[in-house]
Amino acid sequence: MISMRALEGLNPAQLRAATHLTGPALVVAGAGSGKTKTVVARIAYLISEQGVPADQILAVTFTNKAADELKGRVRAAVSNSQDLWVSTFHTAGVRILRRYGEAIGLKRDFVIYDDDDQLDVIKDVLGDLSGMADVNPRYLRAVFDRAKCLGQGPSQLLAQGEAWIVGQPKEKVAEVYRIYQQRLARAGALDFGDLLTETVRLLKEDPRVRELVCARTQFVHVDEYQDTNRVQYELIRLLAASGNLMVVGDPDQSIYRFRGADLRNILDFEADYPGAVTYRLEDNYRSSAQVLQLANRLIVHNQDRLEKTLRPVKPAGEPVQYYLARDHQEEAEFVLSQFTLCHALGFALSDMAVLYRTNAQSRVLEEAFLRGGMPARVVGGVGFYERREVKDLLAYARLAVNPDDDVAFRRIIGRPRRGIGDQATSRLAERAARERISLLAAARSAAGWLPRGAEKLSAFCELMDTFSEAASLYEPAGLLSLILDASGYRQMLLTEGQEGQDRLENLEELIRAAEEWSAAHEGGVFDFLDQTALLAQVDGGHRRDVPSEPAVTLMTLHNAKGLEFKVVAIVGLEEGLLPSRNSLMEPGGLEEERRLFYVGITRAMERLLLAGAESRMLYGHTQPSERSRFLDELGGDLIELRPYEKAGPAPAASAPRPQARAAEALSGGFHGGERVRHPRFGEGTVLAVKGLGDRQEVVVSFPEVGNKSLLARYANLVRLG
DNA sequence: GATGGGTATGTTTTT
DNA sequence: CATACCCATC
């Protein structure tokens, strides 16, 4: 057989999947089994060996980061792959809707509402409706999102009376949903859910558009197929009209049920697509055998899965440690001390990550790393594009390109203060509702009917006219600069002391990001705004092109999917946290939490640390925590560390200094990472230390005989180096 | 119309 | 504890 560059370095299973030619295919790819490599190879094979034009191939991912990586790797493998279409579900939706959306009555220059904007609209609707004062707008947002995941509009929501509407008459909920959709339509806005549902509607209703789009989607690939929801399933079905559909996924890594992910999509793939061929990638190249064994032991506790095995390729490696800390502070100090050790052993900062269930857990960790002088970066959480000043400036730009964007109008009308307050705004809103026009349009006619404040409003309208004009002439950065100065926003920040300074710096950063964006992309202000709306912080934040200084990564388990690190710490292994309290209420919730933990474990290549605390701060109060049930499912081989145990009650003085306590406990006598020699077992590395003084127990990894737990006092260990 | 302090409320997870 | 929102006062 001729050796083909596109297929070099694949194992037999990967090779079979990569050379799949036409018809539907399911690739069940366990964690670390080289699924991206396989997809890259398959695309390269199609282009360079089978002569498929790159512009007939589509690959869909969930995050921009995954899309970028795939694109980059294909580019590296095949030269003529410029026209390859790789994007996230949402970006693909935007692209199709911008181009063809007018066929179903969408404005060409629609704006995208993020979840904050959604909330503003819902609150607004609730304010206008009687008898709904006590409804939580966040709850309604969740209901609407969920309905959209299932492709249900207001009437379908009402008809199907979904069981997940609790505490409210579904008529009322559907009514708010209907008005919410109206407001969005009037504002020329689509929310995240609409980007998918509207794309599906367009492709269903307009055969001509479908044909045009499908010409570019003769070969379709979907990554992380286990996380697709109903609408995404339908979208893929429409795009893959050719039948050449390859989906890749792992049912054990489905963790987005709350967003509508339906495990059945992957479990039933063979039934949905008759003639489908299934390929299984079962060799794990990522994790040490010990880590993988733990992962396997955990996941067999799930019922809802496709039977599959995952074999380690790597040797046993280091044992997995579990540390029970007194509280969340000490938990953080433990991670810090272990990472410091690993760093000393030669692991780069970028090789290490701390994973947690909730964003709220990041703060204590961040502070601990800061105190310890180890650079750490929180990925996700409140992102750059969610900061108030950034959203304000972008709202100006949005209103400039789309004068109907009422959320943007409300957001900026009082920033900076320009003498237009609640009174004038609510009169504007009345008028706008009556005449079915936007707030800005109402403001334009204010001179005729608003006795007070009309002049100020007309000045604002003129300002916006200037910006609208600039929006079509300038690049994004130019427009944003103009806005920053001409709106008085810069002036306002300058009067706000240090905080204003910081915010101003963020805005200058934003403008710089816009410049960089223009240097690397075609497109105008619209396209830049799309980008800011769709880019998650995990995707690399606002400075993706600038290599940032090396740092330890802190992020949620969800954000860690698809990534790998040599050293991984998973913290908060407590009942109520992992598994999370809320998940236990829902059927299937526990299995989802187990998969989440599974995803976390399988991120680790060489070393895995687990930790939990006996008590934790919740809403400002310290509460006792119970050890996570998942720890008991892992079975033996877990090195349990509890350094302060039996060392007597901690001296009062050490209470504010948990750092000292953890460090002392870990370093008495021997400490982890040290090289030692044993008279019988030879040379080895200290992995862990338990207890203090005479009772100190040392776990040592010996290349010849594996891991041994020894009493330091009798073992005659000799320190090396 | 702006400002500030008080209180209710919330933490799963994200494109 | 930290933010978001309400109301009273300037």
Side-chain angles (χ1 to χ4, degrees), chain A residues 60-67 87-94 112-116 118-120 123 127 133-134 136-139 141-142 145-146 148-149 190-196 224 227-229 231-232 254-261 328 355-364 379-383 385-386 388 413-426 452-453 456 530-539 555-561 572 576-586 589 592-593 595-597 599-600 616-623:
Chain A
V60 185
T61 62
F62 273 80
T63 64
N64 292 291
K65 181 173 181 145
S87 77
T88 65
F89 275 100
H90 295 266
T91 307
V94 171
I112 300 168
Y113 276 8
D114 67 13
D115 41 8
D116 249 15
Q118 278 182 286
L119 213 53
D120 285 346
K123 283 177 193 162
D134 57 331
N136 182 344
R138 285 164 195 277
Y139 167 69
R141 179 178 62 186
D145 279 348
R146 211 145 173 190
K148 288 184 183 192
C149 290
L190 298 180
D191 64 21
F192 281 123
D194 291 334
L195 295 178
L196 303 179
E224 310 279 13
D227 280 322
T228 50
N229 59 35
V231 174
Q232 288 164 329
S254 176
I255 55 174
Y256 282 105
R257 217 173 54 119
F258 69 92
R259 206 169 63 186
H328 57 283
L355 311 181
Y356 38 80
R357 180 69 231 278
T358 66
N359 282 306
Q361 289 168 260
S362 68
R363 171 167 262 137
V364 184
V379 173
V382 177
Y385 288 108
E386 286 158 61
R388 190 182 22 167
I413 190 64
R415 266 181 250 162
R417 303 278 175 207
R418 43 174 64 90
I420 305 164
D422 294 347
Q423 194 128 359
T425 313
S426 56
R452 290 170 142 264
K456 288 164 182 161
D530 286 350
Q531 172 93 352
T532 62
L534 294 172
L535 195 75
Q537 227 224 339
V538 210
D539 295 328
M555 64 179 150
T556 62
L557 288 159
H558 281 89
N559 276 330
K561 193 162 73 153
L577 200 53
L578 187 63
S580 88
R581 176 175 305 286
N582 296 322
S583 72
L584 299 175
M585 314 287 208
E586 315 169 21
E592 173 110 342
E593 295 292 302
R595 289 193 291 268
L596 197 51
F597 187 27
V599 165
R616 188 172 290 273
M617 186 93 92
L618 187 69
Y619 300 145
H621 293 285
T622 303
Q623 297 191 331

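A, B, ... follow the sequence lines: proteins, then strands. Residue 1 opens every chain. Quantities reported herein were computed from a predicted structural model and do not represent experimental measurements. Computed over heavy atoms, backbone and side chain alike; hydrogens, waters and symmetry mates excluded.
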(message) Are Thr228(A) and Phe62(A) packed together at the side-chain level, in the sense that at least one heavy-atom pair is separated by less than 4.5 angstrom?
(response) yes

(request) Indicate, with a heavy-atom threshold strictly under 4.0 Å, whether Thr556(A) touches base, sugar-phosphate, or nothing. (result) sugar-phosphate

(request) In whole angstrom, give the distance that lies between atom CG of Asn559(A) and atom C1' of dT15(B). (result) 11 Å

(request) May I ask you to say what Arg417(A) touches in the nucleic acid, namely base, sugar-phosphate or nothing, with a heavy-atom cut-off under 4.0 Å? (result) sugar-phosphate

(message) Output the rounded distance in Å from CG (Asp191(A)) to P (dT14(B)).
(response) 18 Å

(message) Go nucleotide by nucleotide along DNA chain B from the 5' end; which of Arg357(A) and Phe192(A) gets its closest nucleotide reached first?
(response) Arg357(A)

(request) Quickly work out the Phe597(A) CZ to dT13(B) P distance and round it to whole Å. (result) 18 Å

(request) Quickly work out the Leu196(A) CG to dT14(B) C1' distance and round it to whole Å. (result) 13 Å

(message) With a 4.0 Å cutoff (strictly under), does any side-chain N or O of Asn229(A) reach OP1 or OP2 of dT15(B)?
(response) no

(request) Nearest whole angstrom, please: distance from the P of dT14(B) to the CE of Met555(A). (result) 11 Å

(message) Nearest to the Leu618(A) side chain among dT13(B), dC1(C), dT11(B), which nucleotide is it?
(response) dT11(B)

(message) Checking Thr88(A) against Thr61(A) for the side-chain contact (heavy atoms from CB on, under 4.5 Å) test, could you report, in this order, the C-alpha distance in whole Å, the side-chain angles of both residues, the deciding distance, and whether it holds?
(response) CA-CA 5 Å; Thr88(A) 65; Thr61(A) 62; 4.0 Å; yes

(request) Would you indicate whether the side-chain heavy atoms of Val60(A) and Gln232(A) approach each other to under 4.5 Å? (result) no

(message) Give me the distance, rounded to whole Å, that separates dT11(B) from dC6(C) when you measure between the C1' atoms they each carry.
(response) 23 Å

(request) Assign Gln361(A) to base, sugar-phosphate, or nothing according to its heavy-atom contacts below 4.0 angstrom with the strands shown. (result) nothing

(message) Please report the distance, rounded to the nearest Å, between CD in Gln118(A) and C1' in dT15(B).
(response) 11 Å

(request) Tell me what Tyr256(A) touches on the nucleic acid: a base, only sugar-phosphate, or nothing, going by heavy atoms under 4.0 Å. (result) sugar-phosphate

(message) Quick one, Leu596(A) with Arg357(A), criterion side-chain contact (heavy atoms from CB on, under 4.5 Å). Give me CA distance, side-chain angles, the key distance, then yes/no.
(response) CA-CA 9 Å; Leu596(A) 197 51; Arg357(A) 180 69 231 278; 3.1 Å; yes

(message) In the structure I gave you, are the side-chain heavy atoms of His328(A) and Gln361(A) within less than 4.5 Å of one another anywhere?
(response) no

(request) Using a 4.0 Å heavy-atom cut-off, write out nucleotides 2-10 of chain C from 5' to 3' as B (base contacted by protein), S (sugar-phosphate only) or - (no contact). (result) S--S-----

(message) What is the separation between atom OH on Tyr139(A) and atom P on dG10(B), rounded to the nearest whole Å?
(response) 14 Å

(request) Compare the minimum distances between each of dT13(B), dT15(B), dT3(B) and the side chain of Phe258(A), then state the nucleotide with the smallest one. (result) dT13(B)

(message) Can you confirm whether or not the ring centre of Phe258(A) sits under 6.0 Å from the ring centre of His558(A)?
(response) yes

(message) Is any side-chain heavy atom of Arg141(A) closer than 4.5 Å to one of Asp145(A)?
(response) yes

(request) Mind calculating the distance between CG (Leu578(A)) and P (dT11(B)) to the nearest angstrom? (result) 19 Å

